[in-house]
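Below is one structure, written out as structure tokens, with a few remarks after it.
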Amino acid sequence: MEYGEIKEQATRFYKSIDNTLNFDVNYSFYYDETNNCRIFRIKNGKLNFDKNKDFILGGVALEKDNQNIKDDFIELRNKLKIQTNLKEIKFKNICGQGSNFLKCISSKNIRYFLSWLLGKDIYIHFQVLDNLYYSLVDIIDSLDTFNNLDKTNYYKTLLYQFVYANTDAFVNIFEKHKYPNISEKDSVSFYEDLIQCIKDTTQESLPCKNELINLIETNKIKKPIYLLNNTDFLFIKEYKLLYERNIYMFNQSYHCFDEELEVQKQMEPIYINNKLLTNYKFKKSHEDVYIQLSDIIVGLLGKLFEFIKPIRNNDIEYVYDSLNDHQKDGLELLIQILHKSYYKNGALRNSSMNLDLNYKFDKLLRFDNI
């Protein structure tokens with residue numbers, strides 16, 4: 001697929017928000033992923049995957065000709081007491097399967113790992129796709145075309161807040177109307193069911209109910225252009241676009257992904273201005289120490305987003321004070337390495353425009369002070 005114009009438009013958009021972002025860099029990016037449910041859909045009347053677990057693709061990035069860390073990596077393995085018969089380090093080896101974010105961040109191994117990483121010329125990059133949020137945006141885009149991006153994202157986040165707070169009831173509506181494949185003759189009924197469900201959602205932290213109801217009521221007779229000719233119950237059919245994004249956005253950089261056979265089958269040749277991009281490859285994780293480092297980082301970020309997701313916006317500022325000393329130490333190390341990466345290049349972070357999630361991330365990780 002040809003991505004030249006898409007990259008140009010995206011670069012202009014991102015730079016309109018922050019003109020310090022730099023996509024024309026010569027980095028080496030290494031990747032792993034977490035919370036890959038392959039597809040996100042309604043199955044047997046429920047979401048097939050936890051709404052708090054977001055898909056994250058990311059890992060470590062370094063400038064070309066960076067130092068060889070093979071010897072240091074062996075020392076890291078020894079310090080973390082990784083069994084010699086294990087071919088590679090994985091997040092679960094140092095944080096334990098099923099551990100939550102607070103347990104991970106207080107772990108001596110995770111704290112040592114983050115300290116070790118801070119001492120290297122290595123940076124963190126990541127992309128976050130909020131499955132539930134992304135599954136709802138076409139509803140707002142079908143209702144109105146706002147001239148103001150902030151207003152668009154505000155209403156998308158507002159709808160997300162109600163669906164998140166009353167998920168089972170909304171999923172019942174989606175299943176009834178075969179969302180996201182709404183028939184045009186059924187669209188008014190679909191919107192009216194949404195309105196009723198919004199009215200029935202009484203959580204105190206959702207004060208802007210009338211705004212959302214008015215938006216839907218005013219526009220419910222419009223043709224739902226983004227909700228037609230889709231597949232019944234299928235919200236997200238693949239994640240390959242996130243793999244492709246960095247390849248063409250950072251087309252002067254090198255990209256090394258952990259093997260992901262399903263994505264590899266789905267990906268098509270990528271072109272920029274008719275030039276075929278060959279700046280990427282997929283590799284077995286045990287063959288590359290940087291992919292193994294990426295596994296740990298992405299695993300920790302996955303736990304972080306899962307942790308902040310259910311916290312109310314008004315409560316996020318009190319989280320830090322509620323932590324014990326080990327948790328605070330671990331969080332401080334994570335803050336340092338994320339800030340170090342941001343100051344290197346803010347383009348290393350890319351997340352869906354869920355204003356709630358971005359706010360809570362920025363507040364807890366102190367990006368709101370930058």
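- Asp193 and Lys176 are joined by a salt bridge, as a carboxylate oxygen and a charged side-chain nitrogen come within less than 4.0 angstrom of each other.
- Of all the heavy atoms in Glu2 and Asn273, the pair that sits closest is OE2-N, 2.7 Å.
- Within the structure, salt bridge (Lys or Arg N to Asp or Glu O under 4.0 Å) contacts touching residues 332-343 (residues at least two apart or in different chains) are Glu332-Arg366.
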ring-ring contact (aromatic ring centres under 6.0 Å, His included) between Phe170 and Phe162, intermediate numbers included: CA-CA 9 Å; Phe170 279 96; Phe162 281 89; 7.4 Å; no
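- Hydrophobic clustering keeps Leu276 apart from Ile272 (ILVMFWY residues linked when any side-chain heavy atoms are closer than 4.5 Å, directly or through intermediates).
- A donor atom on one side chain and an acceptor atom on the other are found under 3.5 Å apart for Asp130 and Asn354.
- Of the possible donor and acceptor atoms, one in the side chain of Arg77 sits under 3.5 Å from a partner among the backbone N and O of Gln83.
- With a 4.5 Å cut-off on side-chain heavy atoms, Leu293 and Phe113 count as touching.
- Ring geometry for Phe250 versus His255: interplanar angle of 30 to 60°, hence tilted.
- Side-chain atoms of Asp356 and Gln161 form a donor-acceptor pair, as typed in the model, at a separation below 3.5 Å.
- Relative orientation of the Tyr342 and Phe367 rings is perpendicular, given thresholds of 30° and 60° on the angle between their planes.
- No side-chain donor-acceptor contact under 3.5 Å links Lys303 and Asn100.
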Criterion side chain to side chain contact (heavy atoms under 4.5 Å, CB included) on Ile105 and Leu300, from CA distance to verdict: CA-CA 8 Å; Ile105 209 71; Leu300 185 58; 4.3 Å; yes
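- Taking all atoms of both residues into account, the shortest heavy-atom contact from Lys309 to Leu357 is CD-CD1, 3.7 Å.
- Salt-bridge formation is not detected for the pair Asp325/Lys328: no Lys NZ or Arg NE/NH1/NH2 atom is positioned less than 4.0 Å from an Asp or Glu carboxylate oxygen.
- Tracing side-chain contacts under 4.5 Å through hydrophobic residues (I, L, V, M, F, W, Y), one reaches Leu334 starting from Tyr343; they form part of the same cluster.
- Between Lys7 and Asp24 there is a salt bridge, since a side-chain N of the basic residue sits under 4.0 Å from a carboxylate O of the acidic one.
- Side chain to side chain, Ser106 and Gln327 fail the donor-acceptor criterion of an N or O pair below 3.5 Å.
- Judged purely by distance below 3.5 Å, without hydrogens or angles, the side chains of Asp200 and Gln196 pair a donor atom with an acceptor atom.
- Neither side chain, Lys178 nor Asn181, offers a donor N or O lying under 3.5 Å from an acceptor on the other.
- Relative to the six-membered ring of Phe174, Arg41 misses at least one condition, a distance below 6.0 Å or an angle of at most 45° to the axis.
- When the shell of 6.0 Å around NZ of Lys240 is examined, it contains more than 12 heavy atoms from other residues, nucleotides or ligands.
- Heavy-atom neighbours of Lys275 NZ from other residues, nucleotides or ligands within 6.0 Å: at or below the threshold of 12.
- The two atoms that bring Tyr164 and Pro310 nearest to each other are OH-CA, 3.3 Å, heavy atoms only.
- At least one side-chain heavy atom of Ile236 sits under 4.5 Å from a side-chain heavy atom of Asn131.
- By the neighbour-count criterion of 12 heavy atoms within 6.0 Å, atom NE2 of His326 is sparsely surrounded, having that number or fewer from other residues, nucleotides or ligands.
- Checking Gln9 against Glu5 by side-chain atom types alone, a donor-acceptor pair falls below 3.5 Å.
- Although no hydrogens or angles enter the test, the distance criterion places no donor-acceptor pair under 3.5 Å between the side chain of Asp258 and the main chain of Tyr31.
- With rounding to the nearest 0.5 angstrom, the CD1 atom of Ile82 is 15.5 Å from the NZ atom of Lys87.
- Look at Arg12 and Glu8 and you find a salt bridge, because one of the NZ, NE, NH1 or NH2 atoms lies within 4.0 Å of a carboxylate O, short of that distance.
- Here the side chain of Thr201 pairs no donor or acceptor atom with the backbone of Asn166 at under 3.5 angstrom.
- A donor and an acceptor atom, one from each side chain of Tyr191 and Asn219, are nowhere located under 3.5 Å apart.
- Of all heavy-atom pairs between Leu212 and Leu159, the closest is CD2-CA, 3.8 Å.
- Enclosure of atom CG in Asn85 by more than 12 non-hydrogen atoms of other residues, nucleotides or ligands within 6.0 angstrom is indicated.
- A donor-acceptor pair under 3.5 Å is formed between the side chain of Ser341 and the backbone N or O of Ile124.
- Judged by distance alone, the side chains of Glu262 and Tyr239 never bring a donor and an acceptor atom under 3.5 Å apart.
- Between Phe190 and Tyr179, the distance from one ring center to the other falls under 6.0 angstrom.
- Checking Asn36 against Arg38 by side-chain atom types alone, a donor-acceptor pair falls below 3.5 Å.
- The distance between the ring centers of Tyr30 and Phe257 does not fall below 6.0 angstrom.
- Of the possible donor and acceptor atoms, none in the side chain of Lys151 sits under 3.5 Å from a partner among the backbone N and O of Phe146.
- At distances below 3.5 Å, not a single donor-acceptor pair connects side-chain atoms of Asp32 with backbone N or O atoms of Ser294.
- The heavy-atom pair separating Ile221 from Val188 by the smallest distance is CA-CG2, 4.2 Å.
- Leu234 and Pro180 get closest at one heavy-atom pair: O-CG, 3.2 Å.
- The backbone N or O of Ile110 lies less than 3.5 Å from a partner atom in the side chain of Ser107, making a donor-acceptor pair.
- In this structure, Gln127 contributes its side chain and Leu242 its backbone to a donor-acceptor pair below 3.5 Å.
- In the displayed structure, Asn147 atom CG is contacted under 6.0 Å by at most 12 heavy atoms of other residues, nucleotides or ligands.
- In this model, a donor atom of one side chain and an acceptor atom of the other lie less than 3.5 Å apart for Thr20 and Asp18.
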Steps toward salt bridge (charged side-chain N to carboxylate O under 4.0 Å, His left out) verdict (Lys120, Asp72): CA-CA 10 Å; Lys120 310 296 178 189; Asp72 289 345; 2.6 Å; yes
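- Residues Asn279 and Ser253 have side chains that never bring a donor and an acceptor to within less than 3.5 angstrom of each other.
- Open room surrounds NZ on Lys43; 12 or fewer heavy atoms of other groups in view lie less than 6.0 Å from it.
- Here the two rings, on Phe29 and Tyr254, have centers that are 6.0 Å apart or farther.
- For Tyr134, the OH atom counts as loosely surrounded, since its 6.0 Å shell holds 12 or fewer non-hydrogen atoms of other residues, nucleotides or ligands.
- Counting heavy-atom neighbours within 6.0 Å of Asn78 CG, excluding the residue itself, gives a total above 12.
- For Tyr280, there are no side chain to side chain donor-acceptor pair (under 3.5 Å) partners at least two apart in sequence or on another chain.
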ring-ring contact (aromatic ring centres under 6.0 Å, His included) between Tyr14 and Phe23, worked out: CA-CA 10 Å; Tyr14 289 123; Phe23 296 94; 5.6 Å; yes
From CA spacing to verdict: ring-ring contact (aromatic ring centres under 6.0 Å, His included), His125, Tyr27: CA-CA 11 Å; His125 70 95; Tyr27 294 167; 9.5 Å; no
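- Proximity of a side-chain donor or acceptor of Lys283 to a complementary backbone N or O of Glu259 within less than 3.5 Å is not detected.
- Looking at Ser142, its side chain does come within 3.5 Å of a backbone N or O of Tyr226 through a donor-acceptor pair.
- Leu194 contributes atom CG, which lies 11.5 Å from atom NZ of Lys220 (distance to the nearest 0.5 angstrom).
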